[in-house]
There are 2 protein chains.
Amino acid sequence: MQKSNTKISMAVIRRLPKYRRYLEELLDKGINRISSRELSKIIGFTASQIRQDLNNFGGFGQQGYGYNVAALYEEIGKILGLDNVYNTIIIGAGNLGQAIANYTNFEKAGFIPKAMFDINPRLIGLKIRDIEIMDADNIEEYIKENNIDIGIICTDKEHAQDVADKLIKSNIKGIWNFAPTDLNVPEHIMLENVHLSESLYTLSFLLKHNREQEDV
Amino acid sequence: MQKSNTKISMAVIRRLPKYRRYLEELLDKGINRISSRELSKIIGFTASQIRQDLNNFGGFGQQGYGYNVAALYEEIGKILGLDNVYNTIIIGAGNLGQAIANYTNFEKAGFIPKAMFDINPRLIGLKIRDIEIMDADNIEEYIKENNIDIGIICTDKEHAQDVADKLIKSNIKGIWNFAPTDLNVPEHIMLENVHLSESLYTLSFLLKHNREQEDV
DNA sequence: TAGATTGTTAATCGATTAACAATC
DNA sequence: TAGATTGTTAATCGATTAACAATC
């Protein structure tokens, strides 16, 4: 669907989930048609930007009419790969790992937690929902035997690179990293970081300088 | 410290925590001097960008020498407001709220969780570490009586705006929002969102299109 | 002092916005 | 058909990179 050769910028990619979220809300309200101008008012991007963004992936609108909400929602889901199912494992079964294991919305979107791993013998063998916490020694074996796509790193920063190395060796496809460190990962493995403290420190900056963000 | 009138872009602000993190690592290694060129190699920004970024806030370097690691680390901490102490409350005492309450690194950086709130009677009265889970009906009263600076919203999306409204009424200074929705907040209240599903969907896009990120 | 490296200005690059012809 | 709104090109704006004089 993406136009030939054009390289989509990360700025555009990171806006896509937000489009999808607002389109879902419109769907829930039973609205089945929207113009870039109307969408602009509720989502806060300019109408021009909305049209530019969407046209990176094809002409989803119709002149004189606007966009079909259901169709556009569906298309953006496909662009994001949410029509796929991904098998995931969570490494680090502390509070954060458990929070993610319990968060069923990810599962609804196709990200299935198959197992959790920890080094703490007190946690090994427990289950979160129906997801077993296993010994971290078995990560590589488990990935290979169970077709795991994504590894979610919820360890402390000291263990994160070791875990990442195991994931890499086992031919994982992507890593979602919550450890407060930057991981070394080969180019063919996709990496997305969630650096919570960087987000908190940004809020701290804004508080200190009493400045609202211009963008979301 | 910030130069008069110049408005610092969010892009710069969001890089500051990363500078601080790498400088901390250098400190731990006992390195007390670094040039923009050397820092560039380990942090991955261009040397030019590093110098530009830092010069938004003043001349911290010395020609022919570079930057003093300890001093720069300290300065960036101050710029981020990490020399302050913030009182926080966590609203929503589910797994995510508990994970944040248990994450002592935030406390070390000056963000003190004073109380948690929930509407679930089974949770009310429990303690996470020494942080009590209280009835969400008491949020407004508690904020006013305890000098709370930051509200951390860990509820589901259905309750998030209601909670935000209570925080706003109680003159909170900042909101750190983990609920998967955009909040309506007046301009004088600082808002920082952590939209986990947007991050996960971005990873999904990268997997589908097998593309590494050019940045971070 | 000579060499190194900053601070800062200028050039480039990329992303956003504006404008409008195409067309439903 | 006339009006509305897209898709797309051109203009603008902002952020990044390059270059180099200042200076430690």
Side-chain angles (χ1 to χ4, degrees), chain A residues 1-16 18-19 23 26 31-69 71-72 75-76 79 202 211 213-216, chain B residues 1-16 18-19 23 26 31-69 71-72 75-76 79 202 211 213-216:
Chain A
M1 198 36 113
Q2 182 177 329
K3 285 183 176 176
S4 59
N5 290 31
T6 52
K7 170 137 181 176
I8 310 297
S9 77
M10 281 306 295
V12 174
I13 296 167
R14 292 196 180 280
R15 281 193 292 268
L16 293 176
K18 190 166 169 178
Y19 286 121
L23 289 165
L26 291 169
I31 295 168
N32 46 39
R33 167 193 159 177
I34 192 146
S35 68
S36 58
R37 189 157 170 281
E38 291 168 278
L39 187 55
S40 169
K41 272 189 260 176
I42 58 172
I43 205 171
F45 306 149
T46 63
S48 196
Q49 179 165 68
I50 292 169
R51 295 202 300 278
Q52 286 276 25
D53 281 353
L54 298 178
N55 271 90
N56 281 303
F57 303 98
F60 301 131
Q62 199 171 7
Q63 281 100 328
Y65 174 88
Y67 299 87
N68 179 288
V69 174
L72 187 56
E75 283 298 339
I76 292 178
I79 293 164
T202 299
R211 261 204 40 178
Q213 294 184 45
E214 62 278 3
D215 45 54
V216 173
Chain B
M1 196 38 109
Q2 183 178 327
K3 284 185 177 174
S4 59
N5 292 32
T6 52
K7 169 134 181 178
I8 310 297
S9 78
M10 281 306 294
V12 174
I13 296 167
R14 291 195 180 280
R15 281 193 292 269
L16 293 177
K18 190 166 168 177
Y19 286 121
L23 288 165
L26 292 170
I31 296 169
N32 46 38
R33 168 191 158 178
I34 192 145
S35 68
S36 58
R37 188 156 171 281
E38 290 168 279
L39 186 54
S40 169
K41 273 190 259 174
I42 59 172
I43 205 171
F45 307 148
T46 63
S48 197
Q49 178 165 68
I50 292 169
R51 295 202 300 279
Q52 286 276 25
D53 281 353
L54 298 177
N55 271 90
N56 281 304
F57 303 99
F60 301 130
Q62 198 171 11
Q63 280 100 330
Y65 175 88
Y67 299 87
N68 179 288
V69 174
L72 188 56
E75 283 298 339
I76 292 179
I79 292 164
T202 299
R211 258 205 40 179
Q213 294 183 46
E214 64 278 2
D215 48 51
V216 179

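Below, chain A is the first sequence line, B the second, and so on; all start at residue 1.
To the nearest 0.5 Å, atoms CG (B:Leu23) and CG (B:Leu39) are separated by 6.0 Å. With rounding to the nearest 0.5 angstrom, the CD1 atom of B:Ile34 is 4.5 Å from the CG atom of B:Leu26. Taking OG1 from A:Thr202 and CG from B:Leu16, the interatomic distance works out to 8.0 Å, rounded to the nearest 0.5 Å.
Judged as a side chain to side chain donor-acceptor pair (under 3.5 Å), and not counting sequence neighbours, the contacts of A:Glu38 are A:Ser35.
Within 3.5 Å, a donor on the side chain of B:Gln52 pairs with an acceptor on the base of C:dT9, or the reverse. For A:Glu38 against D:dT5, no side-chain N or O and base N or O form a donor-acceptor pair under 3.5 Å.
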What dot-bracket string describes DNA chain D from 5' to 3', counting Watson-Crick and G-U wobble pairs whose defining distances are under 3.5 Å, with [ ] for crossing pairs and | for pairs to another strand? ..||||||||||||||||||||||
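For B:Arg33 and C:dA4, the shortest distance from a side-chain N or O to OP1 or OP2 is not below 4.0 Å. Close to C:dT16, at under 4.0 Å from its OP1 or OP2, lies no side-chain N or O of A:Thr46. Regarding contacts with the backbone of D:dT16, a side-chain N or O of B:Arg15 is found under 4.0 angstrom from either OP1 or OP2. Dashed line: the shortest gap from a side-chain N or O of A:Tyr67 to OP1 or OP2 of D:dA4 is not under 4.0 Å.
At whole-Å resolution of the value, CZ in B:Phe60 and P in C:dT8 are 12 Å apart. Atom pair B:Arg37:CZ and D:dA18:P shows a separation of 13 Å (rounding to whole Å applied). Separating the CD1 atom of A:Ile8 from the P atom of C:dA15 is a distance of 10 Å, rounded to the nearest angstrom.
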Which letter, B, S or -, goes with each nucleotide of nucleotides 19-24 of chain C from 5' to 3', with contact meaning a protein heavy atom under 4.0 Å? BB-BBB
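The stretch residues 41-54 of chain A participates, sequence neighbours left out, in these side chain to side chain donor-acceptor pair (under 3.5 Å) pairs: A:Arg15-A:Asp53, A:Tyr19-A:Asp53, A:Ser36-A:Arg51.
B:Tyr65 and B:Asn32 make their closest contact through OH-O, 4.1 Å (heavy atoms, listed as atom of the first residue, atom of the second, distance).
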Take B:Met10 and A:Arg211, measure what side-chain contact (heavy atoms from CB on, under 4.5 Å) needs, and give me the verdict at the end. CA-CA 10 Å; B:Met10 281 306 294; A:Arg211 261 204 40 178; 3.8 Å; yes
Begin with the C-alpha distance, continue with both residues' side-chain angles, and end with the deciding distance and a verdict on side-chain contact (heavy atoms from CB on, under 4.5 Å) for A:Tyr67 and A:Leu54. CA-CA 10 Å; A:Tyr67 299 87; A:Leu54 298 178; 3.7 Å; yes
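B:Leu72 pairs with exactly one of B:Asn68, B:Ile76, B:Val69 by the side-chain contact (heavy atoms from CB on, under 4.5 Å) rule, that one being B:Ile76.
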